[in-house]
Amino acid sequence: MSFHVSTSVLSNADGSAELTINGTKCLVSVSGPIEPKTRQELSTQASLEIIVRPSHGLSTTREKLLEDKLRSLLQSLIIRYKYPRQLIQIVVQFLVVDEQPEYICNELNAAINGCYFALIDADLALYSSFASTSVCINQNNLIKDPTGDVIATSDSHHVICFSIEDGKANKLLLLESAGDFKEPQLFDLISKSVSTVEELHQLQKKIIESKIEKDYIWSNKS
């Protein structure tokens, strides 16, 4: 898997991350907590606004679908009661896309992982860490981190996101599946995705540790 992340790439956002996973690249910005519009305000917790922008052209129902899936996931991860009557806005801009328009597998996976780094960069409170991976099933073979061409010719494709507790995959937070597959195949790919997500979390930790070292430089003076 090809994986590269840069954080704090936007000076006008509270948190941001540019993430590349294989052939998909996205830029995620987080603004908040900020003052919401009256219609967005919630008395006991922060409201969450998700905006997804395509790599080319105008947003369509496809981007609205991605927004809905990200909102459903992130609402359960951000500790929103810490920010009552405030707004948290997350914008996902895709820069490079490696799949045909009828699929959202790689984009959803990149957006989820990009949101994690941007939220950490914004120093927003989370219930747990999280990480996702994409998987395809093609003639009973499991293919991890598929390219767009593989997705187009596979029997089914899946995005799996776990919460991470003490370095281990804990709760299954999201399972987005499409195509032709059987229940035993689904349980098998969920089980085999655990190690992939845990390996990705170790990479997340290294990136965050490196960020902290750059942000906070300590020196001892005698």
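We number each residue from 1, following the sequence as shown.
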- Message: Does Asn12, at its CG atom, have more than 12 non-hydrogen atoms belonging to other residues, nucleotides or ligands within less than 6.0 Å?
- Response: yes

- Set of residues satisfying salt bridge (Lys or Arg N to Asp or Glu O under 4.0 Å) with respect to Arg85, sequence neighbours excluded: Glu41

- Is it true that a side-chain atom of Asp14 and a backbone atom of Gly32 form a donor plus acceptor pair closer than 3.5 Å? yes

- Message: Within the 4.5 Å heavy-atom criterion, are Val52 and Lys64 side-chain neighbours or not?
- Response: no

- Applying side chain to side chain donor-acceptor pair (under 3.5 Å) between Arg62 and each of Glu107, Glu67, Glu102, report the one that passes. Glu107

- Would you please test Ile120 and Leu126 for side-chain contact (heavy atoms from CB on, under 4.5 Å) and show each step? CA-CA 9 Å; Ile120 293 295; Leu126 302 174; 4.1 Å; yes

- Query: So, the side chain of Ser29 versus the backbone of Ala13: is there a donor-acceptor pair under 3.5 Å, distance only?
  - Reply: no

- Checking Gln75 side chain against Ser72 main chain: does a donor-acceptor pair fall under 3.5 Å? no

- Message: Measuring only between side-chain heavy atoms, which start at C-beta, is Ser59 closer than 4.5 Å to Pro54?
- Response: yes

- Task: Could you pull out the closest heavy-atom pair between Ser43 and Pro84, with the gap in Å?
- Result: O-CB, 3.6 Å

- Message: Once salt bridge (Lys or Arg N to Asp or Glu O under 4.0 Å) is applied, do any residues pair with Asp149, and if so which ones, sequence neighbours excluded?
- Response: none

- Can any side-chain N or O of Asn113 pair as donor or acceptor with the backbone N or O of Asn109 at less than 3.5 Å? yes

- Query: Atom CD of Glu165 and atom NE2 of His201: how far apart are they, to the nearest 0.5 Å?
  - Reply: 9.5 Å

- Does the side chain of Asp180 pick up a donor-acceptor pair with the side chain of Ser156 at under 3.5 Å? no

- Would a hydrophobic clustering, with Ile, Leu, Val, Met, Phe, Trp and Tyr connected at side-chain separations under 4.5 Å, put Leu119 with Leu87? no

- Message: Has Ser193 got a side-chain atom pairing as donor or acceptor with Leu189's backbone, closer than 3.5 angstrom?
- Response: yes

- Report yes or no: do Leu77 and Ile79 belong to one cluster of Ile/Leu/Val/Met/Phe/Trp/Tyr joined by side chain heavy-atom distances under 4.5 Å? no

- Query: Is it the case that one hydrophobic cluster holds both Leu174 and Leu48, taking links as side-chain heavy atoms less than 4.5 Å apart, direct or via other members?
  - Reply: yes

- Does Ile143 reach the side chain of Val135, with side-chain heavy atoms less than 4.5 Å apart? no

- Message: Can you see whether Thr44 engages Tyr81 through a side-chain donor-acceptor pair at a distance of less than 3.5 angstrom?
- Response: no

- Query: Is the backbone of Asn138 close enough, under 3.5 Å, to the side chain of Ser154 for a donor and an acceptor to pair up by distance?
  - Reply: no

- Query: For residues Asn22 and Ser2, is any side-chain donor paired with an opposing acceptor at under 3.5 Å?
  - Reply: no

- Message: Hydrophobic clusters here meaning ILVMFWY residues chained together by side-chain heavy-atom distances under 4.5 Å, can you tell me if Val159 and Leu203 are in one?
- Response: yes

- Answer yes or no: is there a side-chain heavy-atom contact under 4.5 Å between Ile164 and Val197? yes

- Query: Could you give the distance from CD (Glu176) to CD1 (Ile104), rounded to the nearest 0.5 Å?
  - Reply: 5.0 Å

- How about Cys161 and Ile112: do any of their side-chain heavy atoms sit closer than 4.5 Å? yes

- Could you tell me whether Asp188 and Lys192 make a salt bridge, using a distance below 4.0 angstrom between a side-chain N and a carboxylate O? yes

- Would you list the pairs meeting ring pair (Phe, Tyr, Trp, His ring centres under 6.0 Å) in which at least one residue belongs to residues 1-23, sequence neighbours left out? none

- Message: In the structure I gave you, are the side-chain heavy atoms of Ile51 and Arg53 within less than 4.5 Å of one another anywhere?
- Response: yes

- Message: Run Ser210 and Glu213 through side-chain hydrogen bond (donor to acceptor under 3.5 Å, both in side chains) and show every step you take.
- Response: CA-CA 5 Å; Ser210 176; Glu213 288 177 0; 5.2 Å; no

- Task: Give a yes or no on whether the backbone of Gly148 and the side-chain of Asp98 come within a donor-acceptor separation of less than 3.5 Å.
- Result: yes

- Item | Contacts of type side chain to side chain contact (heavy atoms under 4.5 Å, CB included), residue Lys37, not counting sequence neighbours | Arg39, Gln40

- Task: Could you grab the distance from atom CZ of Phe130 to atom SG of Cys115, nearest 0.5 Å is fine?
- Result: 6.5 Å

- Message: Is the shortest side-chain heavy-atom distance between Pro146 and Ser134 below 4.5 Å?
- Response: yes

- Message: Under a 3.5 Å threshold, yes or no: a donor from one side chain and an acceptor from the other, between Lys144 and Thr196?
- Response: yes

- Note on the structure: Quick note, ring pair (Phe, Tyr, Trp, His ring centres under 6.0 Å) partners involving residues 86-112, not counting sequence neighbours, are Tyr103-His157

- Item | Donor-acceptor side-chain pairing of Gln185 and Asn140 below 3.5 angstrom | yes

- Message: Please report the interatomic distance CD(Gln86) to CZ(Arg80), rounded to the nearest 0.5 Å.
- Response: 13.5 Å

- Item | Of all pairs that satisfy ring pair (Phe, Tyr, Trp, His ring centres under 6.0 Å), the ones with a partner from residues 162-189, not counting sequence neighbours | His158-Phe181

- Query: Measuring from Thr7:OG1 to Ile208:CD1, what's the distance to the nearest 0.5 Å?
  - Reply: 9.0 Å

- Take Lys69 and Leu65 through the side-chain contact (heavy atoms from CB on, under 4.5 Å) test and state the conclusion after the steps. CA-CA 6 Å; Lys69 295 188 182 302; Leu65 176 63; 3.6 Å; yes

- Same cluster for Leu10 and Tyr116 if Ile/Leu/Val/Met/Phe/Trp/Tyr side chains link at under 4.5 Å? no

- Go through the steps for Leu172 and Ile160 under the test side-chain contact (heavy atoms from CB on, under 4.5 Å), then give the verdict. CA-CA 8 Å; Leu172 179 62; Ile160 305 162; 3.5 Å; yes

- Message: Please give me the minimum heavy-atom distance between Val92 and Ala111, naming the atom from each residue.
- Response: CG1-CB, 4.1 Å

- Task: Taking the side chain as every heavy atom from C-beta outward, state whether Ile88 and Ile78 have any pair of such atoms under 4.5 Å apart.
- Result: yes

- Item | Non-hydrogen atoms of Pro33 and Leu124 that approach each other most closely | CD-CD2, 4.0 Å

- Message: Let's go through Leu186 and Ser177 carefully: what are the C-alpha distance in whole Å and the side-chain angles of both, what is the deciding distance for side-chain contact (heavy atoms from CB on, under 4.5 Å) to 0.1 Å, and is it a yes or a no?
- Response: CA-CA 9 Å; Leu186 186 62; Ser177 301; 3.8 Å; yes

- Hey, are Ser8 and Asp121 close enough side-chain-wise for a donor-acceptor pair under 3.5 Å? yes

- Between the side chains of Glu198 and Ser195, does any donor sit under 3.5 Å from an acceptor? no

- Query: Any donor and acceptor pair, going by atom type alone, linking the side chain of Glu99 with main-chain N or O of Cys105 inside 3.5 Å?
  - Reply: yes

- Calculate, to the nearest 0.5 Å, the distance between atoms CD1 and CG belonging to Ile90 and Leu74 respectively. 5.0 Å

